[in-house]
Each structure stands twice: as C-alpha cells, then as structure tokens.
Amino acid sequence: MNISKQLLNGTQRLCRFIKPTSSSSITSSSTMNRSFSTRSHHDHDSPPPPMDAQEKKRLEEELKQMEEEYEREHGEYTNPKTGEIGGVRGPEPTRYGDWERKGRTSDF
Amino acid sequence: MNFFEFFANMFVDHQQLTADFVIIFEMLSISKNIVKSSLKLSNGVRSFHSSAQLMVNQSRTGFEKGESQGQFSRAYPVIDHTYDAIVVGAGGAGLRAALGLTEKGLKTACISKLFPTRSHTVAAQGGINAALANADVDDWRWHAYDTVKGSDWLGDQDAIHYMCREAVPTVLELEQYGVPFSRMDDGRIYQRAFGGQSKNFGKGGQATRCCAAADRTGHALLHTLYGQSLKHDTKFFIEYFVTDLIMENGECRGVIAYCMEDGTIHRFRSHATVLATGGYGRAYFSATSAHTCTGDGNAMVTRAGLPCQDLEFVQFHPTGIYGSGCLITEGARGEGGYLLNSEGERFMPRYAPSVADLASRDVVSRSITMEILAGRGVGPEKDHALLNLTHLSPDIIEERLPGIRETAMIFAGVDITKEPIPILPTVHYNMGGVPTNYKGEVVTRQPGEKTDTVVKGLYAAGEAACVSVHGANRLGANSLLDIVVFGRACANTIADTLAKDTPHRPLPANAGEESIANLDKVRFADGTRSTAELRLEMQKVMQRHAAVFRDGPILKEGVTNIDKFAQSLKTDLKTTDRNMIWNSDLVESLELQNLMTQAVLTMHSAEARKESRGAHAREDFTERDDVNWMKHTLSYLDVETGKVTLDYRPVIGHTLDEAEMHSIPPAKRVY
C-alpha cells in the first residue's frame, strides 16, 4: 500500500506540475501523511509560475521508476474500480463520451 | 583527389588560411602517410568514421571518381525492382496487408515515405470495436446495425457485414500476434463501453465492445505489426516517396518512387499493388493529423484517371487547439467550460437554447463556424473562438481533468486558469477515398456503364480507401478496426487470386516517364510563391468554404477559389532546393500537388451534394434526401485542364448473405 499511495501522490504531483510542491523528497515517509486537505491550502488567488523543465523531467523519471517498481512487485496495474489489468492509471478515459487523456481527445 | 587536396582546396578557395588552419595543415602533412594508408584500408569497406572525402565521393556501389554524381544533373537514373505484391504505406492497414501477404508466401515489398512506426496510426489512443462478448452479451450483427446507422445509410451493407463479422477473428488474431490488450482477471480481453454502440439493434442499451491496449492501442498495434512483418521477411523500402502508379491499359502494373536518401528513382513492378496511404487532413488549416497525411494514394489514383469516392464527407471536432490541432475533450465543456466570441459573449445559448455548450458536436462546430463567418472570430485574423475555463476552480479542474493544464500550456501556450484556450473546428478523419469493394479491390465505372469494373492489380485499405464502411460518418473505435480488417482482406484476396511464381510481363516502354517529368518540373520550379505560402492559401480556402458550415453561396465561392488556387499552383510554384538528396522542398511540393487534387475534388463534391447526410451538413438543404441522394459520389479530376467530373454509383443495400445478416432498411438517424 506504501508504494501505491506514493505512486498516486507522485501522479497527482506531476499532473499539478505547475504548482511547486512543498515537500522536497518524494520518497520520504512524510509523503504518506500528505492528504488532500493539506494540498488544498495552495492558493486560489493566483497560480504559481510554471515548473522548471528540468524539475519536471526529474519528477517524470521518478514517477516512471516508481511505476516500474510497483509493477515488479504487484504485477501489472489493475484498475481498482473496473478490474481492468494493464489499463490506464487515473480516471476512466471514456467518462465524457470520448477518449480523454490529459485533457486531450484522441480520435480513433 | 585525395584528402589533402580536397582539404587544401577548401581553404585556399575561401582564403581562410588563418594561423590556426596553418598549424592544422602542417599537422596533417605529418600525418599524411597515416591517413593515406588508412584510406587504402577502408577502400571498398564502409567505415563508420567517415572523413570528408568519404562523404563526398562514396556512393552505395563504392567509390565514384569524377564530378559529383547527379547533384544538379537532370538525368534520372532509374532502378527497377520486381515483387509479387507491393504495399504503399506502412500504417495499420499497410503493415497488416504486408504481413498477410508475406505470411502467405508472396514476395512482398512495403514502401513508405516514413519509418513504419511513425505513421499516423501511432496517434490513435483508443481501442478497436469487436463483438467478442467478453464483458456483456454481444452479437456482430448488432455492431453492423450500429455501423450502418452511424454511416447515415451511406455505408455499403455488404462491406459492413464483412467488417463486423470478421472483427472477432481479426482482433483475436492481433492478440496472437502480440498486441498487449488490457485484460480481465480471467485473461480475456477487457472491453469497455464506447459511444454509438448498442445492443439488440439499438433497442438494448449501451454495448460494451471496445478493446484497448491501455491508452496506446494504435502505437501497440503498429509496433506489433511491424515486428511481425519483419519476422516474416517483408522487404521494407523506407523513406521512399511513391509519386505515381504505373498503369497499362487500365491495369496497375506497379509504382514509381523517389528515394529520398540517395536521390534515385525506383520503379517497382508487381502483380498487385495495395494503397494504404492514409487520409488527407492537411488539406485543411486545422487538422489533428500529422503533416505527412497528404492523401498521396488518393492523388495517385486521380492522376491515373480513376475516381475518388465520397470526398465531401470529412469529420470535424469542435474544439481543436488553434495552431497545433490537438483536440480538447468534451469534458472541458461538460465540467462547465463555455465558448466565447470576440465580443466576450457566450454564443452557444443562441444556437442551442436548452443545452447551450453541451450541444452535440456538429451543432457546436457549426455554431463556432457561423460566429467566425459573421465576423465575431477572435485573434488577428478573426478566425477562431475561445474556450473559457478560467472561472473553474483549479482544484476541480485538476481532479476532474488531470493534465489539462499541462496540455493547454504545451499546445496552446495558455494557462487555463488565467486565459481561455483558442479553439476552432478541426478535421480528424476523412471518410472518403479510393472506392473499393469488400474484398479490397479498387473499382471504377467505365463511362456509360451501370456496373462497377474492378481495376486489375490495384487494391486499397485503411483511411485511404472508401469501402465504404463509414459512409457519411464514422463511429469511434471503428477506424482501427477498418484498417486491420481490410488490410487483411487485401492480403487474403491477393493470395487467393495470385498463383505463386506467376511470371511478370515487362513494363511498358518509358513507364513512369510523366511522373519523372513532373518531379523534374517541381524540382526546378521558379515561380513567385513558395510552397508554404501556397499551402497556407489552400488550407485557408478549405477551412473557410468546405468546413463544417456549408451553404450554397459559400460552397460556390469555394469552388471558384479552389480552382483559382489549383491554377496558381501550376504556374506560380517556387522551390529553392535543386539537389536530389533529402530534398524536402521537393517532397513537400509533391505532397502539396497531391493535397491540391483532394482539395479540388472535395470542394466540388460538397457543392454538388444537395442534401445533409452525416458529416456533410448544409444550411440550404437540411434534410437527408434518400430518393435523390442515396448514392456515392465519384469524382474525377483532369490534372492538365483542372476539370472536375462527377459521377455517382448506388449504395449497396444488400448484405453478403441475407441468411447471416438481414439488410437494414433506411430510417431516420436519431440518437
């Protein structure tokens, strides 16, 4: 559960890359205690400046490594709601009637 | 000329003998002997450590002596090849056809202007429809009904019968080839519900038949098929731009291509040619397709005097990012985003009072276009609209649409919490293409004949072909299915009709001469307007006149403008690169010529069709007219004179076998 929670955190953090994170280390145990409520204190007044490209790359690498580590230990990613094995992480792409990933629609 | 003389000439000519170069020169004099002997060693052997001399003088066949070979000469050395079957295009359909042909033991060549895994199929994230009945009860006949209805009864029912019936074995075959579909816990392919699919002929609720490989189905499919075709020893000719078909007495004998790597011309002779070159999205200003989607196969067929079918049916998505062409999901509007015009007005309630921004895609696309045509577009050219998400809480956006801020920043350069996203209706699929029957054979109509004639030796599959399974409108998840089913069908048909080791007849004398003459003309074109300028003009004309909003006056004006453009392309084109090696100027200009044929035919076909059906919706003829217009448009272009001829052929309303599947009588298309 440790790793999956960290993975979830990592994904969330990467998706919200535009906001800088308060915690420096993604692997510290304190990340487990970070809840949605502490994150919501990020201001609604003005969004912070975009994240540096290097930082983003570093985070993406870390996330990828964590995903691979998870898969090695637990097997392919299984969607908790639908039971789909090897599917996408995150919300169901077809929930809006089209195939949505990262705000983009794909045509197929 | 050895290394030193070359080096010395370089510097003496340019008079750049500074102190540094003098030192280097002297060092080189010392090492002269070492270099000479190392050159001797590498004579005839391709060295990875190339020196200047090797790069200048070495060709594929060894060292050439004398003046530079063919850089600016107008002699075109032609190399001939012979194969049982050739496939033009290495996307989903092309690779599946090539794979099928080599599996059956035919000597096959696959020619592509791109590396196979860079074809546009790779961008398809979603899945393939197949009535496997893994998640829920299902029947391929229900899938066929949905497809016929989706096509607004312009799809040929025998082809739809074939596609939906073959979907199940085809998808299972793909699984055997190694496509990593996502699974259920018992190991069967996981299927999800997707729009437009129903159970029990539309009466049984949502059907669950979309099989996906995470969110990279197209990518996985393409890589799997490429790997499999290499395993079966398909010969690939990569980065060869096929310019034309070689026809003889109405039969296709092969193709002629320009090798971009070394500037040579290649003729391929074969018993069967499969065109799988994709669509022509780049004829429009805003398209999701890659810049390489230029309808090359359709244009080759047009230049060979054969028709293209149903080109007026082009699918649009309402919210594509202005400039890059990426599509923003409908979820953005579903979560509360709304569209704005230049006056800062939410204009959707005027067009769809009850649902406003949540109206169906075609209504939204038409509304945006009408606002732009009325002069209320935004931007310096007043040619797009805005999608506003600034009023939504950033947390809500992140939770419901993770990653959309990143997408908007990368592709539109906007921060969605501060500014709206510039959007306009964007092309994402072409239903029309080369007319074929359900076996994949290209068909045509001889003048005055009432039945189709099969063009011997020519086949087509994928988006380039119009079988027609998508008719007037394509359902989601059917395109990936179409490409693999009909790629497979072409391979099966060719293998069934072609005996192994059938002897080849010699090509007609001077085959491909006209194509080389055209290539030469474009290479040395010396007009006034660059390719990029002409292409932008064509794209703007198409986006304005043949887009989502179609009306009599706009279409007529479009016809005049596009004909003027076609004439301008012939006389005003200017290219600057005269070299033959990696001449992207030349290739882009040839692609523009191809796009031009498609643009002209699309515009003329759209103007002629006086009804609204599927993706072709007209303001002056808003109803579907089955009495007069339930037929396919065949469009011919005489490239010399620019004259367009339109003909029609009936929609096939009967299925392959009435006992297996009943034909579906036309009805009003409501969802």
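Treat the numbers as computed from the prediction; the structure is a model and nothing was measured. Every chain is numbered from 1, with letters handed out A, B, ... down the list of sequences.
With chain A as partner, the option from Pro180(B), Ala124(B), Gly331(B) having the largest number of non-hydrogen pairs under 4.5 angstrom is Gly331(B). Ranking Gly126(B), Ala123(B), Gly196(B) against chain A, the residue ahead of the rest is Gly126(B), based on heavy-atom pairs under 4.5 Å. Of the residues considered (Gly86(A), Ser106(A), Gly90(A)), Ser106(A) shows the highest number of contacts with chain B, using heavy-atom pairs under 4.5 Å.
Arg474(B) has a carboxylate O that lies under 4.0 Å from a charged side-chain N of Asp107(A), or vice versa, which qualifies the two as a salt bridge.
Using a 4.5 Å cut-off between heavy atoms, Ala477(B) contacts chain A through both its backbone and its side chain. For a residue to count as touching a neighbouring chain, one of its non-hydrogen atoms must lie under 4.5 Å from one of that chain's; by this rule Thr82(A) touches chain B with backbone and side chain alike. Residue contact with chain A, scored on non-hydrogen atoms closer than 4.5 Å, is absent for Asp482(B). Looking at Arg188(B), neither its backbone nor its side chain comes within 4.5 Å of chain A, counting heavy atoms on both sides. Looking at Glu76(A), there are no atoms closer than 4.5 Å to chain B (heavy atoms on both sides), in backbone or side chain.
Checked against the 6.0 Å centroid criterion, the rings of Phe108(A) and Phe194(B) qualify as a close aromatic pair.
Interface with chain A: from residues 313-327 of chain B, residues His317(B), Cys326(B), Leu327(B) qualify, criterion being any non-hydrogen pair under 4.5 Å.
Residues Gln125(B) and Arg104(A) fail the side-chain proximity criterion, which asks for heavy atoms closer than 4.5 Å. Counting heavy atoms from C-beta outward, Ile328(B) and Thr105(A) have side chains that stay 4.5 Å or more apart. Using a 4.5 Å heavy-atom threshold, the side chains of Pro91(A) and Arg400(B) count as separate. Residues Glu100(A) and Glu330(B) form no side-chain contact, since every pair of their non-hydrogen atoms from C-beta on lies 4.5 Å or further apart.
Rounded to the nearest 0.5 angstrom, Glu84(A) CD and Arg183(B) CZ are separated by 11.5 Å.
When each of Thr329(B), Asp215(B), Thr407(B) is paired with Lys102(A), the side chain to side chain contact (heavy atoms under 4.5 Å, CB included) condition holds for Thr407(B) and for no other.
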Begin with the C-alpha distance, continue with both residues' side-chain angles, and end with the deciding distance and a verdict on side chain to side chain contact (heavy atoms under 4.5 Å, CB included) for Tyr96(A) and Arg333(B). CA-CA 10 Å; Tyr96(A) 292 114; Arg333(B) 285 175 285 130; over 6 Å; no
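Heavy atoms from other residues, nucleotides or ligands lying under 6.0 Å from CD of Glu68(A) number more than 12.
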